[in-house]
Structure formats: C-alpha cells, structure tokens
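Lettering follows sequence order; numbering is per chain, from 1.
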There are 2 protein chains.
Amino acid sequence: MTRIELCDIEVVDRDAVERVQATQAHEDELGYLADTFQMLASPTRLRMVEALAGGELCVCDLAAVAGASPSAVSHHLRQLRQMRIVRFRKEGRMAYYRLDDEHISDLLRTGLEHVRE
Amino acid sequence: MTRIELCDIEVVDRDAVERVQATQAHEDELGYLADTFQMLASPTRLRMVEALAGGELCVCDLAAVAGASPSAVSHHLRQLRQMRIVRFRKEGRMAYYRLDDEHISDLLRTGLEHVRE
DNA sequence: TTGACATATGAGCAATCCTTCATATGTTCA
DNA sequence: TGAACATATGAAGGATTGCTCATATGTCAA
C-alpha cells in the first residue's frame, strides 16, 4: 500500500468517509466486479452479449452478428466464460453459447436505458 | 468496413442471425454504452461510484475513500462527468459530486449480485 | 484414415488506459 | 494583495487491451 497524496485537512467530512468505508465491498470483490464490467466495455463484446440476450448462438453466427472474425469472437468468448458472463454447451464440433444468468441482460437493459435517457 | 473472415457455410442459422441483427442497438449507441461500462471497469472508479451511492462527497474525501491521489481522482471524475455517471455542484473552492441517476446504482447493485452469486 | 471444418489458443503489435508529476485556475482568508 | 488550498488538466510512461495471423484440437463424412 503506497502512501497517498492527501488534502491538508486530510478529509473534509470524516464521518462520511468512515461511514462509506465501513460499507465498501472488499478489495477482491471490487476487482472482480471491475473485470466483469470490463467485459461489457467493448462494442464487439456488447454486440455478442446483446445477441445472446435473444437466445443461444454458435460461434460462427456470433461472429456474423458481431461483425468480427471467428478468431476474435472465440478470444472474447473465453474471457466472457472466465467472468461467467456466458455459458456454453458443445454439440459435435459446434459450440452454443448463452448468457450465464439474468443479471447480464439486466445490466444490458439498465445500461441502455441510461445512455438513451 | 473491412472484410471479415467467415465460416464456410457463412452462417449456421440465418434466421436467428437476421432476427438478432434487426433488433440490435445502433453503432453509436453501442459505442456509447461500451464507454459507459468502461467507466465502471476500474477498481478505483468503482470505489468512487460505490462511495457516491451513499451520498455526495467532495473530491478530497473521494480520494481518501478510493485510496488514490486527488489528482487521479479528479482525472477519473472528469471522465465520469463526460459519461454522465456523476454530476457535481461547486460550493466555493469545493466540488461535491453525486451519482447522475439511479441507473448507476442499479448497475452497481446488479453487478455485485452477479459476482456474489 | 484422410480431408474439411468449427472452434480454441499463443504470439505479437498498435492503440488505449491509469497513474504520476508538474502546473494552472479559482477561492478563501489573513 | 498575497499565501494557502481545493480542484483541474496536460504530458508522459508503463501496463493492458483487442485484434490478426498462424497453428492446434477435436469432430464429421467420405
């Protein structure tokens, strides 16, 4: 933990700061949450997630919808899998992806509402 | 628009692809949405946003809560302002920031639910 | 078994991000 | 007015990202 630059009075409202600090999520939880939002911070991945909000799709069709190469899409899918944004099932040589849970489409919908307001 | 690599059969389920394409958000909207999620994709900014979910704070206190320098926090706040994640009011030489609307705390809550499940 | 194909993955590169340092702006108070 | 201070901002550098290209894996069909 490096020493941080601070205002001379340190904090303006010490009570407010301590109240906030008491309720903050833990470090690792926040890091994980940041990584989760990072997954939604790319237009290509957003197109993929938006497409999957309508139902499962194979990698090939995801690539067509997202306007990206199957390779790029596959790289993205691995990240989305690791962050539990998507799940997939294998059927022969095909892989069908879907959103992991309803939180993801919630995030998408709320985000769209925000940018459209 | 560069030519994209495609599976030989082009798409597996043409109907599904066309159905999805018909309902996708527009390019600029998705770009804007991606930028919005990008704002939530940094632990420091997340701590700031989480803190502001509890009420308004000045830059100095935000820096204390986020464990970052006032300079770094100010840079982040400019971005958050530009993406309409936060609003602020000036009072003398102080600046008090708050979340722009309830969508932001919704995103935070839903995100936390997702990572905690 | 062999060739074609859907998907996955490693390396590498340009672009972007997050922070620090230095400095600027505007306000308060002595 | 001038010093102190809260906040803002530009430049710069190391870290991270998103893509492409090359290649690997596993499946299907002839």
Side-chain angles (χ1 to χ4, degrees), chain A residues 1-13 17 30-31 34-49 56-64 66-83 86-97, chain B residues 1-13 17 30-31 34-48 56-64 66-83 86 88-97:
Chain A
M1 180 77 129
T2 58
R3 194 76 190 82
I4 60 170
E5 170 192 350
L6 281 179
C7 303
D8 280 7
I9 46 174
E10 189 97 358
V11 291
V12 171
D13 186 342
V17 169
L30 268 187
D35 290 344
T36 298
F37 281 125
Q38 176 71 45
M39 289 302 96
L40 302 174
S42 129
T44 300
R45 282 193 300 263
L46 267 187
R47 277 209 186 283
M48 294 166 59
V49 168
E56 73 173 14
L57 288 170
C58 69
V59 176
C60 196
D61 289 352
L62 268 175
S69 71
S71 174
V73 165
S74 189
H75 277 292
H76 284 309
L77 285 170
R78 177 167 45 159
Q79 295 182 279
L80 292 169
R81 243 160 39 215
Q82 286 170 341
M83 293 311 301
V86 301
R87 281 190 280 171
F88 78 124
R89 66 186 176 86
K90 278 259 186 169
E91 189 171 311
R93 59 183 150 182
M94 311 288 286
Y96 292 96
Y97 283 81
Chain B
M1 185 74 131
T2 58
R3 195 74 189 86
I4 59 169
E5 170 191 351
L6 280 179
C7 302
D8 281 6
I9 45 174
E10 187 99 359
V11 290
V12 171
D13 186 342
V17 169
L30 268 187
D35 290 343
T36 298
F37 281 124
Q38 176 71 43
M39 290 302 96
L40 302 174
S42 129
T44 300
R45 281 193 301 263
L46 266 188
R47 277 213 185 279
M48 294 166 59
E56 73 174 12
L57 288 171
C58 69
V59 177
C60 196
D61 289 353
L62 269 174
S69 71
S71 174
V73 165
S74 189
H75 277 292
H76 285 309
L77 284 170
R78 178 166 46 161
Q79 297 182 279
L80 292 169
R81 244 159 38 215
Q82 286 169 342
M83 293 311 300
V86 302
F88 77 123
R89 66 187 175 87
K90 278 260 185 166
E91 189 172 312
R93 60 184 149 181
M94 311 287 286
Y96 291 96
Y97 283 81

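- Using a 4.5 Å cut-off on side-chain heavy atoms (C-beta onward), A:R87 and A:E56 make no contact.
- Between B:L46 and B:L40, the shortest heavy-atom distance links the atoms CG-O, 3.3 Å.
- Residue B:Y96 contributes atom OH, which lies 11 Å from atom P of D:dA6 at whole-angstrom precision.
- B:R78 is linked by a salt bridge (charged side-chain N to carboxylate O under 4.0 Å, His left out) to nothing, counting only residues two or more places apart in sequence or in another chain.
- Residues A:R45 and A:Q79 meet the side-chain proximity criterion, which asks for heavy atoms closer than 4.5 Å.
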Please write out the pairs of protein N or O atoms and N or O atoms of nucleotides 23-30 of chain C separated by less than 3.5 Å, giving the distance to one decimal.
none

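- Residues B:Y97 and B:L77 are in side-chain contact: their nearest non-hydrogen atoms beyond the backbone lie under 4.5 Å apart.
- Distances shown here put every side-chain N or O of A:R78 at or beyond 4.0 Å from the OP1 or OP2 atom of D:dG18.
- Contact annotation: A:Y97 reaches the phosphate of C:dA8 (side-chain N/O to OP1 or OP2, under 4.0 Å).
- Residues satisfying the side chain to side chain contact (heavy atoms under 4.5 Å, CB included) test with A:T44, not counting sequence neighbours, are A:S42, A:M48, A:A66, A:A68, A:H76.
- Rounded to whole Å, atom P of D:dG18 lies 11 Å from atom CG of A:D35.
- We find that CG of B:L30 is positioned 16 Å from C1' of D:dG18, with the value rounded to whole Å.
- Atom P of nucleotide D:dT16 and atom CD of B:Q38 are separated by 14 Å, given to the nearest angstrom.
- In this structure, B:H75 does not pack face-to-face on the six-membered ring of C:dT19, missing the 5.5 Å centre cutoff or the 30° plane limit.
- Computed from coordinates, the B:Q79 CD to D:dT9 P distance equals 12 Å when rounded to whole Å.
- Considering only side-chain N and O atoms, A:R81 lies under 4.0 angstrom from the phosphate OP1 or OP2 of C:dT9.
- For C:dT19, the OP1/OP2 oxygens have no side-chain nitrogen or oxygen of B:S69 closer than 4.0 Å.
- Distance NE2 (A:H76) to P (C:dG10): 16 Å, rounded to an integer number of Å.
- In terms of position on DNA chain D, the residue among A:A41 and B:A72 whose nearest nucleotide sits closer to the 5' end is B:A72.
- As rounded to whole Å, 16 Å separates atom C1' of D:dT9 from atom CG of B:L80.
- Rounded to an integer number of Å, the gap from A:Q82 CD to C:dT9 C1' is 11 Å.
- Atom OH of A:Y96 is separated from atom CD of A:E91 by 5.5 Å, given to the nearest 0.5 angstrom.
- Between the side chain of B:S71 and the base of C:dC21 there is at least one donor-acceptor pair of N/O atoms closer than 3.5 Å.
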